[in-house]
Engineer: 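For reference, the structure I am asking about is given below.
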2 protein chains.
Amino acid sequence: MAIADRKLREKTERRQAILDAALHLFIEQGFEKVSMRNIADAIEYSPATIYLYFKDKNELLLDLQTQSFKQMAQELNAVANIEHPAEQLRAFGEQFLSFAFRHPELFELMFIMNGPMVAAQACAGATAWPGGGSAFAQVVAIVQRGIDTGVFRPQNADSTALMVWAQVHGLAALFLRQRLVVMPEERREPAMHEALAQFYDLVRRAL
Amino acid sequence: MAIADRKLREKTERRQAILDAALHLFIEQGFEKVSMRNIADAIEYSPATIYLYFKDKNELLLDLQTQSFKQMAQELNAVANIEHPAEQLRAFGEQFLSFAFRHPELFELMFIMNGPMVAAQACAGATAWPGGGSAFAQVVAIVQRGIDTGVFRPQNADSTALMVWAQVHGLAALFLRQRLVVMPEERREPAMHEALAQFYDLVRRAL
DNA sequence: AAATTTAGTGAACAGTGTTTATTATCTAAC
DNA sequence: GTTAGATAATAAACACTGTTCACTAAATTT
């Protein structure tokens, strides 16, 4: 069935073309300023065509979110070979922040926007979130290794990982959502990195 | 000029009536499902009337945000009389989380939404954010007192305060934005409180 | 009593996400 | 090779959104 194969291939190609165009627009102009019609214009199709490939806008966003998580996972692999767990956590945090700064729109999609999560919970059961799941598992693994090797004191690895995740997410989210206007412009980025350094100092001293 | 006084009073009263109606709707139905027309319906005025009292929707949101910060400040006063700085920080964190859980819409308005910050930066200079400013100052004050009394090791109080703020904000934001679906439903709230407890354990041991 | 300021509105504009009836095209069976 | 049927794409519409503006009616001042 060569014809059916080609049809399927073309279908997934067009689907990916829509995703690519959408991501481009979102990154360039931000999520608030890009509509389904804009995306349709960019790929030179009718708006209704997009709905042949995606149930709705949220599903499109979820697909982009999953792609973004893959990209982040790839970038976070840079910390995979650091032996000391505390040092590895520190590197992870800085890599995470760096990702958030270099790709603010992707960060928003992955950790702030509601749309993709609505789609995730609609399509799968209440517990399935492929992208975020593996990202969090990465943190849990680092913490667990720290506990297993006796570097960290015994603890619930998942709540410790949550503490780490909340710390880095909190810093990035407060900054990207303009909540650091409480401090003078020139102090914002330095204070973030100092806060992160202090946090990992606490981890190294007392975890 | 008794008439002018009455007019001014009526004007601010109607303005507050709009804010009250809007807040009610937002809390009940969420920000995404409430439009300017819905608010106008609730107060039995035309949509255009709202624009006689607010420049645009963002300005209305900013006013509600400022009110919300006042409410939170009031609730956070419960921790004002705790002597030990580390214990005070812990109580602050739990009070903060409690507020976020009891008033998820207000939390969203204060710490996540873009709209109010757009209005804030439009009406004032790039550094004015009355609501958030005093909230953050409260954390800085606790930390500073800890440093001054020799309980905490000397540090930049603002970056330490940022670390604390990011921790509690991160936990609340991840939860409220459905990012804790990575763990089983029954673990989510417990893991949050464990993470917070671990964080303040680190603070007590090593700050 | 007339002129003027003020408060409020209906209707419109340009945009949004989404659905549906309709058309054109490409595939499969006779 | 022609006809019946699946597939792909669309134009047009629906019910919304935030916002503006010409216009009316009432209250105040002269």
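This is a predicted model, so every value here is computed, not measured. Just so it is clear: chains get the letters A, B, ... in the order the sequence lines come, proteins before strands, and each one is counted from 1.
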Engineer: Grab the CD1-C1' distance between A:Ile43 and D:dT10 for me, whole Å please.
Structural biologist: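 Interatomic distance, CD1 of A:Ile43 to C1' of D:dT10: 13 Å.
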Engineer: What is the distance from OH of A:Tyr45 to C1' of D:dA11, rounded to the nearest Å?
Structural biologist: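 In whole Å, D:dA11 C1' lies 17 Å from A:Tyr45 OH.
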Engineer: Quick one: A:Phe31 CZ to C:dT16 P, roughly how many Å, whole number?
Structural biologist: 16 Å
Engineer: Is the distance from OP1 or OP2 of C:dG8 to the nearest side-chain N or O of B:Arg14 less than 4.0 Å?
Structural biologist: yes
Engineer: Taking CD from A:Glu44 and P from D:dA9, how many angstroms apart are they, rounded to a whole number?
Structural biologist: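 My rounded result for the distance is 14 Å.
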Engineer: Is the shortest side-chain N/O distance from A:Asn38 to OP1 or OP2 of C:dT16 below 4.0 Å?
Structural biologist: yes
Engineer: Closer than 4.0 Å, any side-chain N/O of B:Ser46 to the OP1 or OP2 of C:dG8?
Structural biologist: no
Engineer: Determine, using ring centers only, whether A:Phe96 and A:Phe111 are less than 6.0 Å apart.
Structural biologist: yes
Engineer: Separation of B:Glu10 atom CD from C:dA7 atom P, in whole Å?
Structural biologist: 9 Å
Engineer: For the pair A:Arg179 (side chain) and A:Arg177 (backbone), establish whether a donor and an acceptor sit closer than 3.5 Å, ignoring hydrogens and angles.
Structural biologist: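 Yes, because the side chain of A:Arg179 sits within donor-acceptor range (under 3.5 Å) of the backbone of A:Arg177.
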Engineer: Tell me: CG of B:Asp56 to C1' of D:dT19, nearest whole Å?
Structural biologist: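 Atom CG in B:Asp56 sits about 9 Å away from atom C1' in D:dT19.
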Engineer: Can you tell me which nucleotide in C:dG17, D:dT20, D:dA11 comes closest to the side chain of A:Ala48?
Structural biologist: D:dA11
Engineer: Strictly below 4.0 Å: does A:Lys57 bring a side-chain N or O up to OP1 or OP2 of C:dT16?
Structural biologist: no
Engineer: Is the gap between the ring centers of B:Phe101 and B:Phe107 under 6.0 Å?
Structural biologist: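 No: the rings miss the under 6.0 Å criterion.
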Engineer: In this structure, how many angstroms lie between the P atom of C:dA21 and the OH atom of A:Tyr51, rounded?
Structural biologist: 18 Å
Engineer: Does the base of D:dG18 carry an N or O that pairs as donor and acceptor with the side chain of B:Arg37 under 3.5 Å?
Structural biologist: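 In this structure, the two groups form a donor-acceptor pair.
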Engineer: Could you check if a side-chain atom of B:Phe199 sits within less than 4.5 angstrom of a side-chain atom of A:Leu162, using non-hydrogen atoms only?
Structural biologist: no
Engineer: Considering only side-chain heavy atoms of A:Leu52, which listed nucleotide, D:dA8, C:dT16, D:dT17, is closest?
Structural biologist: D:dA8
Engineer: Quick one: is D:dG18 close enough that its OP1 or OP2 comes under 4.0 Å of any side-chain N or O from B:Ser35?
Structural biologist: yes
Engineer: Decide if the gap between the ring center of A:Phe136 and the ring center of A:Trp129 is smaller than 6.0 angstrom.
Structural biologist: no
Engineer: If only side-chain N and O atoms of A:Tyr53 are considered, is one of them under 4.0 Å from the OP1 or OP2 phosphate oxygen of D:dA9?
Structural biologist: yes
Engineer: Can you see if the side chain of B:Lys11 gets near the phosphate of C:dA7 - specifically, an N or O under 4.0 Å from OP1 or OP2?
Structural biologist: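 For C:dA7, OP1 or OP2 has a side-chain N or O of B:Lys11 closer than 4.0 Å.
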Engineer: Rounding to an integer number of Å, can you tell me how far B:Glu32 CD sits from D:dC16 C1'?
Structural biologist: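 For the pair B:Glu32 CD and D:dC16 C1', the rounded distance is 14 Å.
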